[in-house]
Each structure stands twice: as C-alpha cells, then as structure tokens.
Amino acid sequence: MPRYQPARIEPKWQAWWEAHDTFATPRLPPAGGRKAYVLDMFPYPSGDGLHVGHPEGYTATDIVSRFERMRGTCVMHPMGFDAFGLPAEEYAIRTGTPPAESTARNIATFRRQLKMLGFSYDWGREIATTDPAYVRWTQWIFLVLHDTWFDPDVQRGRPITDLPIPAAVAAAGEAAVAKYRDAHRLAYQSEAPVNWCPALGTVLANEEVIGGVSERGGHPVVRIPLRQWMLRITAYADRLERELDDLAWPESIKKLQRDWIGRSTGAEVDFFVPPAGGDAAAAFEAWKAARATAGFPETPGEDVLRIYTTRADTLYGVTCMVVAPEHPLVDRLTATGQRDEIAAYRDAAARKSDLDRTDLAREKTGVFTGSHVVHPLTGQPVPVWVADYVLASYGTGAIMSVPAHDDRDFEFARTFGLEIVTVIEPEDGPAPGGSLFTGHGRAVNSGPYTGLATQSFIAQVAADLAAAGLGRAAVNYKLRDWLFSRQRFWGEPFPILHELDAEGRPTGVVCGVAEAELPVPLPPLADFKPGDTPDPPLSRAGHDWLFVERDGRRYRRETNTMPQWAGSCWYYLRFLDPHNAERFIDPAVERAWMPVDLYVGGAEHAVLHLLYSRFWHKVLFDRGHVSHREPFGRLVNQGMILGEMEFTGYRAAGGGWVSADRRGEADTPVRLPAEQVEKQGEHFVLRDLPKIRVESRAYKMSKSRGNVVNPDQIVTDFGADSLRLYEMFMGPLEATKPWSTAGVGGVRTFLERAWRLVVDERADELALAPQVCADPPTDAQLRELHRMIDKVTKDIPALSFNTAIARMMEFVNFCTPLERRPRGLLEPFVTVLAPFAPHLAEELWEILGRPAPVSLAPWPAVEPKWLVDDTVEIPVQIQGKLRGRIVVPAGADAAALETAATADPKIAEQLAGRTIAKVVAVPGRMVNFVLANQGSQP
RNA sequence: GCCGGAGUGGCGGAAUGGCAGACGCGGCGGACUCAAAAUCCGUUGCCCGCAAGGGCGUGUGGGUUCAAGUCCCACCUCCGGCACCA
C-alpha cells in the first residue's frame, strides 16, 4: 500500500503550496537581505501544449530558486505567457475561433501543465502579453520610443523636445519642425523596401527572414516599398555591442550578437561624377579644388558617387564601380544607349525574391551603365556597373570594385572580363599576377603609398583623403533598423493617430494617443484574416474604432500592429510590479529587484529577443525609467532535447539491404529495433548481415518523425518529480541530449529507493521504516552526508545538476544497506532533495514528522571537519604508470609519501636494482618515480 | 565559405594537468520466490591469462610535461549558427 505514488502526493503538495501561498514573493526584498531574480524565458502558449524542452530550463531555474529560498535569499521567480503572435492567429484562422479565445485556452493548458510539474512560481504575478492591462504599458513604452531621439554627441536617447532644430528648419514653419522631429524619433515611419511575405500576409523584420524565406513557415518573401514603422535600433548599435562586455553571458552568445550587429570600420570615399559633355578632367580638378577648401560633405551631392570600403589600401586596384540596382544615382549614371538594358536589369532585380538574390551558388550578374566616374587619387576614369550583389541597404549602396583583392569583385571581374590590377603582395613574396589575394600585405603599384603595410596604408590614406575633403573614416553595421509594424490582427495596436484633412486624407501629421487613453484596444473584427495586399486587417475595423476626434480635428488610427517581440521586450520588468495601474513599474521596485540575476532559455533567442529587449531597456534607461544599463546579468541557454536514439537501415528498391555509407536517394530508410544491430568497430551494423552498416543517431523531435515525447504522458507514467529529475540528470544543461524513456525509469527507481529509506513499504498504513532511528550518526556516515551536501551546494549555483543528482544517488546507495538509519542522516538528505524532487521531499518530511513545508526549511550547513579523511589512498606510479597504492595519513607531506611508497613491498620490488632519477610527490594526490635512462647504461 | 560547440564503454554521461569511465540505462550472475514481478547483493572498457598479473585504451597524427581526456600545433568527422555586409 504505501508505495511511492507520485499521482497521490504530487497534487497533494501542489494544492498545499497554493493554499499556503508558499512561494508568494514580497513586493520588495527585505532591506539588507539578499535577492535573486531567477527568470525563465516565458513560453509562447502554442496549441500543442508543453514540450519536454520547456521543463528543462524551467526545472533548472526552479531548483536554483528553491535552493536560494532555503538559503534565506528573497527569490523572485515569476511565469507568464508571450501570447500574441502569428501561430495563435493562424490557428484561429484555421479553426474559425477568435485568437483571444484560443489563446486563453492554450494559456490554461500551459498553466495546468506548469503547475503539474511543481514549479515554485509566484503565480500571483502571472501576466500575458495580451492582457489589456499589459498592452497598455507596451503601448506606453512605444510612446516613449516615439518621444525619444538619439543624441550622438552623448550617445544617449533624449526627449524629442530637446532636439536642436536647425535655423533653416525653424524658419520653414511648424510643419517643417514637426517633420524634422519625426525624422529623428526612435520610432519613425519610413517608406522603404520591406520584406513582404504573401503567404503570411505580412511584412517581416530582416531578422525574421532566413535565406529569403520566412523564419516561420518557410514561405517566400519579396521586397516591396511600403510605409512602415521602424525602430532606430542602429542608433544603439555601438552601445549594444560595447556593453555586452561586462555581461556574464556565454561567449558564443555574445559573439552571435556582435556578429549580428556587425560593426565594421572603414572609410567613405567620393568618386567624382563628371557632367555630361564638357571637359571631364577640368571639371574634376575644379571639384577637387573646391573639396580641398569646403571639406567632405555630410551627405553626398549629385556630383559624386560615394562608396564605403574597409580596405582603402586597395584604392589603386579599383577597376570599376558597382552600385546596387536601387541606388538613387543609377538614372543619372546611365548612358543613353544603356537605358533599356539597365531598366530591364533593375526591373528583374526588383522582382527577384531575396532567396534568388542571395543564392551564393548563382553566377554574378550585372550591367554596365555606359558612364564613368573619376578616381579621386589617380584622376583616371572608372566604369560604373549596376549589379545586385551590391546591397542597397548596406554602406552607401555602392562599392569600389577591387578584383585582385576581394573574392566577390574577383568573381564579378572574371564573369565580365574586367581588368584585374594587383596592388598588394603577401609579405612572403609576390603572388602570380591576376590572382586573388584578400589578406594583408605590402602595397605595390600604389603611387606614393607603395611599400606600405596594409594597416599603415589604411591609416595614412584615410588621413590624406580627409585632409583633401575626398573621404572620411566611417563605421558601418550589418544591423538594420528594426521593422516594427505587421499587417496582422493579433498584436498590440499602435497608440498612434494620423491627422486627416477635410477630405479625409492623411495630412502627414502624426501624434501619439494621450497616456490617459491607453490602452488602445483591438477592435472586434468578424474577419481577422490578413488580406492579399499589405492593407492591415485593422483597416476593416468599425468607424467608431478607426476614426477619432480630438480638439476638433479628425484622426484615423494606425492600423498596423506590433510584432510579437514587443511584449517580450519588457515582461521581466512587469513581473516585478504586475498590478501597478499607475506606472509600468514602480521605480523603487525596479531598483530593488533588477537586474535579472539568472536568465535561462533556448539559444533560439540568442539574437532577436535578447537584442531587442536590451535595446528597449537602454532607451528606458536613458529616459530615466529604469536604473540599469542592461536587463540580464547571467544568461544560460539550455540545450535542445532530441528524440530517442534511432537505428536506421536502408533498403534498395529490390528489397535488399544497402549499407548506410553507400546508400542512394532511392533507398528507403527503415527504423530498426536495437536487438537487430550491433557495434562493429566504428560503426553499427546489422547483426545478421554485418556487412550492412546502419545509421545511429538521435533526431530533433518533430511530429512528422513521430518522436515527440509528451510531458503529460511522462508525468502519468513516472510522476513529475521523475520528469524533473530525469531532465536534470540527462547531462549538462547546455548540451544537446537525446531523450531516453528508460532513463526516466532510472531516476524513478532512485526516488523509490529514497522513499524506502524513510517509509516502511510493507506496512499497511503509511509508517516510518523500522530502520529509522534517533541514533547519532557515525563519523563515517557524517562524512558521507557532508560530502554529499557539499557537492550539491556547490553544484546548484554552477547549474551542474547531473553531478549533484549522481552524488545524491550515491548517498542513497550508501544508506540503503544500513540496518539503522539515523534521522540525523535522513532529514538533511530530504532537505537537499527538496529543490530537485519537491513533492517527494515534502511527503517524506511530513512522514518524518517535521513541520511542512520542507520547501522553506533551512539548507543544511556543511561542516568542513567532515570533509577530510584521516587517511587517504594515494596512487604510486613508476615512469608514469600506476604500479600500486599506499594508504597514508591525510596530511602527509611529499617526503612522507616518498618514504611510504618506497616502503611498500610491491613498489620496492619493482624499484629494486634500478636508479631513481627523480621522485615527484604531490601531497594528497600521487607519487611518481622517474627512473634513470636505462639505455645510457653500459 | 566563415564563425561557434562537440568527439570518452553497447547508450546518456563523470573526471582543479595527477588512479579514465563517478552516477544512471542496458547486459550478465546470485539471493528471495512454487514461479514471476518487485526488491536486495554482486559484476560489467577491450585484449592475453586458470589465476596472480600484464598489455592496450578518451576522433587522427605530432608536440610540451615526471605525468595529457585535460595544454600546444596540424588534420578528420558530427551538430548548431551566419552567409555577396564590400
């Protein structure tokens, strides 16, 4: 009867914790006490429910939270739902239910599942990004962005009213000032080519387009011009990169962010565009003279083609210029005879999807414009080409092509038979002429710079160009401004009004909704499907929503919605003060709890979510709304959990087996049971046909492969504590690991053994095992206990849960055979077990007669005296090979070790008649005898 | 192509430069049982050997060191990310 029954005890203790508010967190941590903000990346509540990947990170943070609480730390450990977004909407469209309904249902499922796993969240802080009370503040933060401009002089966001207005703009009147301000806001509108995904019916951020198709769904994406809301994240590029330095994040994640920001330093250089007809040489000289006095202009005029390069040292190797098809100067540069060809090329480029345009395998294409620009240093004419391998959105949208020293230019030149001029030679001697060399070296053929090394050349020529007003140092980023509007229903409406004139046409004046009127709710819509055109669904809202009047003027609401990222950019702040109706967060609360001390989630958010939320946080910091530059202190990515290991054999069309290393496309994979395969050397083969190799690996869980593990099922079969423990025991948190249901059985066995340490399984009623006693533990038992406590205490903060669990298993293995089991051993063990298997621990604690909850019991202290043994066993090596062991007192020094080792009969025997050249004795570690070289003896 | 990460028993994995394989799964053997399950105990890297014992062994090849899974150099394979960013 009293067997270990998780199905009975788990709901019991979940109800107990809930009834007693065991994990409710105070508004502020107690003064002078320690605080820990332990945060999970909140889930997107998909219709499929929880995946086994979710509990991995959640269990890790739960263990840390429970451990810290037991050590007296005030712990903030909240949970909520990132509930806006495409999948909810797609699902809603498919099933015909409004997104709000399906989202509420999905959240209920997730909440039930999360509670079923016994996580110690303060559920009183639960938020969903779709709650109107939450949307209100998301919209408010958008208004902060809208009200902020970035002052490059102080590298900081400031109120838009602080923006200095140039006299010329001020003179042009109020409308011009408003326009000037709008152009400098962090949230601004832009008519720009955007990624339009017809299948999803929305535009997407650059970050959401992977290889020319949508990240979600893999649908083709084309570029069309459209008026869109953008967030000026590029203004923060420098800080987003620099301020990564101090974060306790994995280096790999920091690097991903740095690469994504993609800072590059180089120079901008102007190439003179001579006027049509006339004396080009004379015009060039006049232009140069003018530049020498006027300097390098902020924006290039019509008379120059401005390029960006990181390799100004290759200026003498320029053999042509290449501009993007969308470059504004193309028309002016196109010679009459080339008009048709250029027009056709630009048209084709515009129609091409990003997928086609970024396909690296494809040959370079391009068209000669028929005109030339003038090289600023040599005065020579340089032909201008249009080619789509040059991106309009990076740098200046134009490059100088140096085929000898850039692989793309090299390929382009070879395709079109353009000249290749070598101007750099490797330090170790000249490469053959006309070949490609992209490394650093020494300049040749470069006028006055010949002989300079790459680095000094770049510095020298940049200075010279700047002095002559022909160029300047410049910094570029791969990072683009963040396209922030979506043509979908299920997102936050923008708190923005567009002024209308008497005819109902937009005047171009845009204003934010007054703070008091927030939130702007989503209008009820019968049909919330996206259309075939980029016209947002909200434009079909009723007129009472769509049109508003303020101070006698008519406005139309913005009908785009925000992307899913918006809500997740700041949820970690709202958790701290979720019910505040006055502010998005109380500043005192923010100061007390921030920053997040431990943030755990999947690596899929390494770039987007973490970059976006850092950006918002920095803006809020600049505007004085939060007190730290960075939101997340320590970040850890849990690894992916793959499906069970699979063996796959291949059958040919005829039915015979094909070895996996020589299979073809036509052969069909067959999943094989483990009994039919065996390992032979490096590979697995068929047991009956050892010539046939079999593939063995674990695959990502997916519905189509049918290897998805359902947490509900695991909880039913093994219990929540077993699932928690297993996921922590699988291996290092950050590693990718295959699932093994047999492994769940293994940890379940451990929990049963722990149960039997305390409970008499053969009794009819719940009763203590007869071995449990009040004896004082023996010294040996205390040593075992304290070593276990010590290991677990050190492993939890390091997130090394697998080794902590292994140590607890050893402890249970040690205790199981004991005829008498002192409480002084069992009770500390139960407290140490509590963060890992909280339900079982509570139950055992109760059976031991201790007052609930063990979840808040003090963590047992390690007594150092029990960590040292009286004697230690030391390995003895001869020539680095293990030859014996000696037992010595724990504190034995090197000399004592050597004496003891040489006294050992077995060692003495092997040393007899040989010359000891050296003895290495490391106290507490080992002894090694190094013998004199035998070969050198006569 | 570039950038990360990882290669250790049949499997998941342990191992501050100091006894490779902790712990678990699986396997084998035993006790208990009429029997089975459950449980408990033992055993389990490979090779030679009846044994004592010996040899080999952390992807490959080299190096540093008294001592290398761990440090250095070169390479191979797998996984993940980025990808015409001038």
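Here is how names work: the chains are called A, B, and so on, in the same order as the sequence lines, proteins then strands, and each is numbered from 1. For the numbers below, each heavy atom of this structure counts, side chains included, while hydrogens, waters and symmetry mates do not.
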Please state the [atom1] separation for the pair [N] and [M] - nearest whole angstrom.
{"N": "B:rG55", "M": "B:rU64", "atom1": "C1'", "value": "26 Å"}
{"N": "B:rU70", "M": "B:rA14", "atom1": "C1'", "value": "13 Å"}
{"N": "B:rG62", "M": "B:rG13", "atom1": "C1'", "value": "29 Å"}
{"N": "B:rG4", "M": "B:rG42", "atom1": "C1'", "value": "46 Å"}
{"N": "B:rC46", "M": "B:rC41", "atom1": "C1'", "value": "27 Å"}
{"N": "B:rU65", "M": "B:rG26", "atom1": "P", "value": "47 Å"}
{"N": "B:rC3", "M": "B:rA74", "atom1": "P", "value": "13 Å"}
{"N": "B:rG17", "M": "B:rC72", "atom1": "C1'", "value": "13 Å"}

Whole-Å distance separating the [atom1] atom of [X] from the [atom2] atom of [N]:
{"X": "A:Glu411", "N": "B:rG1", "atom1": "CD", "atom2": "C1'", "result": "12 Å"}
{"X": "A:Arg258", "N": "B:rC3", "atom1": "CZ", "atom2": "C1'", "result": "13 Å"}
{"X": "A:Glu56", "N": "B:rG12", "atom1": "CD", "atom2": "P", "result": "16 Å"}
{"X": "A:Arg883", "N": "B:rC66", "atom1": "CZ", "atom2": "P", "result": "19 Å"}

Q: Could you go through the side-chain contact (heavy atoms from CB on, under 4.5 Å) check for A:Arg925 and A:Ile874 one step at a time?
A: CA-CA 6 Å; A:Arg925 282 274 165 226; A:Ile874 297 285; 5.7 Å; no

Salt bridge check, [Y] against [X]: does any charged N sit closer than 4.0 Å to a carboxylate O?
{"X": "A:Glu784", "Y": "A:Arg807", "value": "yes"}
{"X": "A:Lys254", "Y": "A:Glu251", "value": "yes"}
{"X": "A:Arg3", "Y": "A:Glu752", "value": "no"}
{"X": "A:Arg311", "Y": "A:Asp313", "value": "yes"}

Is there a Watson-Crick or G-U wobble partner for [N] with both distances under 3.5 Å, and which nucleotide is it?
{"N": "B:rG1", "answer": "B:rC82"}
{"N": "B:rC34", "answer": "none"}
{"N": "B:rA74", "answer": "B:rU60"}
{"N": "B:rU65", "answer": "none"}

Can you identify which nucleotide, out of [options], has its nearest atom closest to the [X] side chain?
{"X": "A:Thr803", "options": "B:rA15, B:rG18, B:rG10", "value": "B:rA15"}
{"X": "A:Trp260", "options": "B:rC82, B:rA86, B:rG18", "value": "B:rC82"}
{"X": "A:Arg925", "options": "B:rA86, B:rU16, B:rG13", "value": "B:rU16"}

At less than 4.0 Å, is any side-chain N or O atom of [X] found next to OP1 or OP2 of [N]? Yes or no.
{"X": "A:Lys918", "N": "B:rC66", "answer": "yes"}
{"X": "A:Lys881", "N": "B:rC56", "answer": "yes"}
{"X": "A:Tyr394", "N": "B:rA86", "answer": "yes"}

Remember a base hit wins even if backbone is also touched, and classify [X] as base, sugar-phosphate or nothing at under 4.0 Å, heavy atoms.
{"X": "A:Arg762", "result": "nothing"}
{"X": "A:Val930", "result": "sugar-phosphate"}
{"X": "A:Lys255", "result": "sugar-phosphate"}
{"X": "A:Asn928", "result": "base"}
{"X": "A:Ile399", "result": "base"}
{"X": "A:Ser264", "result": "sugar-phosphate"}

Q: Please confirm whether A:Phe750 and A:Trp755 have ring centers closer than 6.0 angstrom.
A: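 No.
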
Q: Assign the ring pair A:His405 / A:Phe437 to parallel, tilted or perpendicular, where the plane angle (0 to 90°) is split at 30° and 60°.
A: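 Ring orientation, 0 to 90° scale: perpendicular.
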
Q. Parallel, tilted or perpendicular: which describes the rings of A:Tyr316 and A:Phe457, with under 30° parallel and over 60° perpendicular?
A.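 Rings of A:Tyr316 and A:Phe457: tilted, 30 to 60°.
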
Q. Taking the chi torsion of B:rG9, is it syn (within 90° of 0) or anti (everything else)?
A.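 You should classify B:rG9 as syn.
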
Q: Determine, for nucleotides 24-43 of chain B in 5'-to-3' order, which nucleotides have protein heavy atoms under 4.0 Å from the base (write B), from only the sugar-phosphate (write S), or from neither (write -).
A: SS-------------SSS--

**Q.** Closest non-hydrogen atom pair between A:Val386 and A:Val322, with its separation
**A.**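 The pair with the smallest heavy-atom distance is C-CG1, 4.5 Å.
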
